[in-house]
Q: 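The structure under discussion is supplied below as C-alpha cells; questions concerning it will follow.
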Amino acid sequence: MDIKHLSDQLIIANQEKAKLEAELILANIELDFQNEEKSKRAKELIAANKELDFQNEEKAKRAAELIIANKELVFQNSEKEKRAAELIIAYTQLELQNREREKRAAELILASTELIFQNQEKEKRAAELIIANKELIFQNEEKEKRAAELVIANKELIFQTKEKGKRAAELILANIELDFQDEEKEKRAAELIIALKELGFQDEEKGKRAAELIIANRELLVQKLEKERRAAAEAKKDEFFNMVSHEFKTPLTNIKAINQLLEKTTSKTDKNYPFILNANHSVKRLEKLIEDLLDVTKINSGQIDLNIASFYFPDALTNSIANIQMISNKHEIRLENFANILYIGDQFRIEQVLINLLTNAIKYSPDANQVLVIAELEAKHVVVKVQDFGVGIAKKDIDQLFQRFYRVSETAMLFQGVGLGLFIAAEIVKKHKGTFSVESEQGKGSSFGFRLPLS
C-alpha cells in the first residue's frame, strides 16, 4: 500500500510538472510575441533605443534563467520517470522476493525522502519562476507606459522636425564639445585630486622637515657656541703653554748648565753624585715636556714647519735607537729590518716620532727586555713598526690615544707622562702625508706603526 501511495504521489507530481511546463511554454510563447512587438516598437522609437536595449538585455538574462530552470525541470522529470520505473521494478521484485523486502523497503524509504526533497526544491523553483513572471509582467507594464509616452513624444517630435534638425546638428556639436570638455574636466579633476594629495603630503613633509631643521639649527647653534667656547679656551690654553714654556726655558737652561758642571766636577764615588744624575734626568724630562708643549702650540696654530730634505732613512732609525739605547740598559732594541732608501722629509721630526714610540715601548713594558723595530718598503711606501711586549692597551682606548693629554686610566698612575707624545707624533706623520696604525692586546704588548709615501 505504501508503494502504491508513493506511485500515486509521483504521478500527481508529474502531472503538476506537466502543467508547469505547459505554463512555461505559454509564458515563453507570450514572451517571444512580446519580444517581436518590442523589436517593431524599437525600430519605430529610435530615441528610446538605448533604454529598450538595456531592458531587452535584462529580459534575455531572465529568459536564460528560465531556460536553465526548464532544463533543470526536464532533468528532474527524467529522474522522476527513472525513479518511477525503478519503483515499478522494485514493486514486482518485492512480490517475487519476500526475503529482500526489508532491504528494498529501506531503499524505497531513502528514495521517497529524496523525492520529497526534490519536490520541495521544485516548489522553491516554481515560486522563483512565479516571482520572475511577476517581475516580467511589471516590466512589460512599465514598457507599455514608456511606449505610450514615446508615442506622444514622437508626435511632438514630428511637429518639431524642422527646428530639431537644425538644433540637433547644433546639439550634436555641442554634445561632442561638452563630452570632450567633460573628459578634460574629469582628467583635470583627477590630476587636481592627485596634486592636492601630493601637496598635502608635501606640506606634511615640509612641516616635518621644518621642525627637523629648527631642531638641527638649534643643535648647530649650540655646537657652534660650544666650539667657539672650546676654541677660545684652547687658544688661551695654548697661549698659556707657550708663555710658560718660554718662561721655563731660560731658567731650565741655567739649571741644566749648573748640573752638567756639577756632574763633571763631582767624583763618581761622591755620595752626592747619584743625586746630581737624578737631577739631570729630571731636567731632561722637564726639557722634553717644554719641547712637547711648544710643539703642541705650534701644531694648534698651524706654525709647525718641516725642513724637507733628502736623507738616508736607515740613519733616522739607527740615530733614534742609539739615543734611546743610551738611557735604557734594561731593554735591547733590535732593528729587525730597515728600508735602504733615500727619503725626502724632515729627518729631525721623523726621529722625534721614532724616539717617542721607542720611549713609550720601553716605558710600558717594564717586565720585558726587548723592543723590535721593523722598517719595510710596501707599494711605494715606507712602513715602520715599533713592537713591545708590555702591558698592552684595551680596544676602547685605542681610538683616543692620539688626542691631546689623553692617558689610559688603568696605567696613568703607574707611568709618568702628560699624554702629548702620540698627539705630536701623529701630527708630524700627517704633515708627511702619512698614516698611523696601532695593534695591541692587553697583557701581550702593542705595535705602533706609521706609513709614509715615497713620492
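Along the sequence shown, residues are numbered consecutively beginning with 1.
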Q: Regarding Q34 and N140, is there a side-chain donor-to-acceptor distance under 3.5 Å anywhere?
A: yes
Q: Check K19 with E21, please: is the shortest side-chain N to carboxylate O separation under 4.0 Å?
A: no
Q: Can you sort out the partners of Y343 under ring-ring contact (aromatic ring centres under 6.0 Å, His included), two or more places apart, ordered by chain and number?
A: F311, F313
Q: Not counting sequence neighbours, list each pair that qualifies as a side-chain hydrogen bond (donor to acceptor under 3.5 Å, both in side chains) and has a residue in residues 376-388.
A: E378-R451
Q: Using the salt bridge (Lys or Arg N to Asp or Glu O under 4.0 Å) criterion, which residues pair with E16? Sequence neighbours excluded.
A: none
Q: Would a distance-only check, ignoring hydrogens and angles, find a side-chain to backbone donor-acceptor pair under 3.5 Å from S365 to G390?
A: no
Q: Apply side-chain contact (heavy atoms from CB on, under 4.5 Å) to D32 and list each qualifying residue two or more places apart in sequence or on a separate chain.
A: N35
Q: Under 4.5 Å between any side-chain heavy atoms of I374 and V386, yes or no?
A: no
Q: Who are the salt bridge (Lys or Arg N to Asp or Glu O under 4.0 Å) partners of E30, not counting sequence neighbours?
A: none
Q: Tell me every residue that passes side-chain hydrogen bond (donor to acceptor under 3.5 Å, both in side chains) with S320, counting only those two or more places apart in sequence or in another chain.
A: none
Q: Does atom CD of Q370 have more than 12 heavy-atom neighbours from other groups under 6.0 Å away?
A: yes
Q: Residues in salt bridge (Lys or Arg N to Asp or Glu O under 4.0 Å) with K185, at least two apart?
A: none
Q: Just how far is it from atom CD of E183 to atom CD of Q181, taken to the nearest 0.5 Å?
A: 11.0 Å
Q: Under the side-chain hydrogen bond (donor to acceptor under 3.5 Å, both in side chains) definition, can you give me all pairs with a residue in residues 208-217, not counting sequence neighbours?
A: none
Q: So, taking the atom named CD1 in I355 and the one named CD1 in I350, what distance separates them when rounded to the nearest 0.5 Å?
A: 11.5 Å
Q: Using the side-chain hydrogen bond (donor to acceptor under 3.5 Å, both in side chains) criterion, which residues pair with Q9? Sequence neighbours excluded.
A: H5
Q: Does H331 reach the main-chain N or O of P366 with its side chain, forming a donor-acceptor pair under 3.5 Å?
A: no
Q: Mind checking salt bridge (Lys or Arg N to Asp or Glu O under 4.0 Å) for E441 and listing every partner two or more places apart, or none if nothing turns up?
A: K444
Q: Below 4.5 Å, heavy atoms only, C-beta onward: do L354 and F450 meet side chain to side chain?
A: yes
Q: Check for a donor-acceptor pair, side chain of N356 on one end and backbone N or O of A425 on the other, with a separation under 3.5 Å.
A: no
Q: Take I428 and F348 through the test side-chain contact (heavy atoms from CB on, under 4.5 Å) and record every step on the way to the result.
A: CA-CA 11 Å; I428 291 171; F348 173 75; over 6 Å; no
Q: In Å and rounded to the nearest 0.5 Å, what is the CD1 to CD1 distance from I398 to I393?
A: 6.0 Å
Q: Distance-only, no hydrogens or angles: does the N14 side chain make a donor-acceptor pair with backbone N or O of L10 under 3.5 Å?
A: yes
Q: Inspect the surroundings of CD1 in I344 and state if more than 12 heavy atoms from other residues, nucleotides or ligands are less than 6.0 Å away.
A: no
Q: Please tabulate, one pair per line, all N/O donor-acceptor pairs under 3.5 Å involving side-chain atoms of residues 193-205, not counting sequence neighbours.
A:
none

Q: Between F389 and L372, what is the shortest heavy-atom contact and its length?
A: CZ-CD1, 3.9 Å
Q: Contact between R62 and E135 at the side-chain level, heavy atoms closer than 4.5 Å - yes or no?
A: yes
Q: Using the test side-chain contact (heavy atoms from CB on, under 4.5 Å), find all partners of E114 that sit at least two apart in sequence or belong to another chain.
A: R83, Q118
